[in-house]
Asker: 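Quick one: the structure is below, and I'll ask about it shortly.
Below, each value reflects all heavy atoms present in this structure, side chains not excepted, and no hydrogens, waters or symmetry copies. Keep in mind that this is a model prediction, so the values were computed, not measured.
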Amino acid sequence: MAFARILASVLLLVLILPASALADDDDAQRAWRGTRSGEFLPFARLAEIALGQFPGRIVEAELDDDDGRIIYEIKILQRNGRVLEVEIDARTGRILDVDEDD
């Protein structure tokens with residue numbers, strides 16, 4: 001069952017993001033391993049959290065190490081044309097920072 005959830009999350013990530021927006025292969029492998037091991041929340045859940053607070057369309061996502069904390073930087077295109085960069089903790093789903101992207 002857990003494998004099916006992980007697979008669904010990875011497939012959702014591929015469907016949500018354009019190919020050019022996907023992180024490099026190392027980040028993708030790291031995300032897959034972290035989700036599979038339970039270290040990270042599934043990306044689908046993190047995307048749901050981010051979009052629940054900031055409705056729009058995810059146009060880019062990147063896994064990053066920020067001072068030892070694993071985060072996703074998720075860029076969301078809002079209906080008004082603004083792009084927000086939402087930093088979310090990959091382990092807890094807590095939104096850490098929101099900035100308007102230049």
Asker: Rounded at 0.5 Å granularity, tell me how far CG in Leu63 sits from CD in Gln29.
Answerer: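 The CG atom of Leu63 sits 12.0 Å away from the CD atom of Gln29.
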Asker: When rounded to the nearest 0.5 angstrom, what is the spacing between CG in Leu84 and CD1 in Ile74?
Answerer: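 Answer rounded to 0.5 Å: 11.5 Å.
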Asker: Would you say Gln53 and Val98 make side-chain contact, with heavy atoms under 4.5 Å?
Answerer: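 SC-SC contact between Gln53 and Val98 ruled out.
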Asker: Does Asn80 use its side chain to pair, donor to acceptor, with the backbone of Arg82 at less than 3.5 Å?
Answerer: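 At least one qualifying donor-acceptor pair exists.
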Asker: Measuring only between side-chain heavy atoms, which start at C-beta, is Asp65 closer than 4.5 Å to Arg30?
Answerer: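 Yes, at least one pair of side-chain atoms sits under 4.5 Å.
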Asker: How far does CZ of Arg69 sit from OG1 of Thr92, to the nearest 0.5 angstrom?
Answerer: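 Going from CZ on Arg69 over to OG1 on Thr92, the span is 7.0 Å.
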Asker: Taking all heavy atoms of Leu51 and all of Gly56, pick out the closest pair and write down the distance.
Answerer: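 Reported closest heavy-atom pair: CD2-O, 3.6 Å.
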Asker: Given the rule that I, L, V, M, F, W and Y join up when any side-chain heavy atoms are under 4.5 Å apart, are Ile71 and Ile58 in one cluster?
Answerer: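 Ile71 does not cluster with Ile58.
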Asker: Please examine the side chains of Glu87 and Glu85, heavy atoms only from C-beta on, and report whether any two atoms are closer than 4.5 Å.
Answerer: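 They are in contact (side-chain heavy atoms under 4.5 Å apart), so the answer is yes.
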Asker: Do Arg91 and Phe40 have side chains that get closer than 4.5 Å, going by heavy atoms?
Answerer: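 Of all side-chain heavy-atom pairs linking Phe40 with Arg91, at least one is under 4.5 Å.
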Asker: Would you check if the side chain of Thr35 reaches a backbone N or O of Trp32 as a donor-acceptor pair within less than 3.5 Å?
Answerer: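 Not at all, since once roles are kept as given, no pair shorter than 3.5 Å links the two residues.
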Asker: Could you state the interatomic distance from CG (Leu77) to CD (Glu60), rounded to the nearest 0.5 Å?
Answerer: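 Rounded to the nearest 0.5 Å, the CG-CD separation comes out at 12.0 Å.
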Asker: Rounded to the nearest 0.5 Å, what separation is found between the CD1 atom of Ile88 and the CG atom of Leu41?
Answerer: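 That separation rounds to 8.0 Å.
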Asker: To the nearest 0.5 angstrom, please state how far the CG atom of Leu46 sits from the CZ atom of Arg94.
Answerer: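 Result: 14.0 Å between the selected atoms.
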Asker: Check the surroundings of atom CG in Asp67: do more than 12 heavy atoms from other residues, nucleotides or ligands lie under 6.0 Å from it?
Answerer: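 Atom CG in Asp67 is not packed in, count stays at 12 or less.
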Asker: Evaluate the criterion side-chain contact (heavy atoms from CB on, under 4.5 Å) for residue pair Ile95 and Phe54; output intermediate values, then yes/no.
Answerer: CA-CA 11 Å; Ile95 294 175; Phe54 307 99; 4.0 Å; yes
Asker: Can you see which heavy atom on Ile49 is nearest to which on Gly93, and at what distance?
Answerer: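 Looking at all heavy atoms of both residues, the shortest contact is CG2-O, 3.5 Å.
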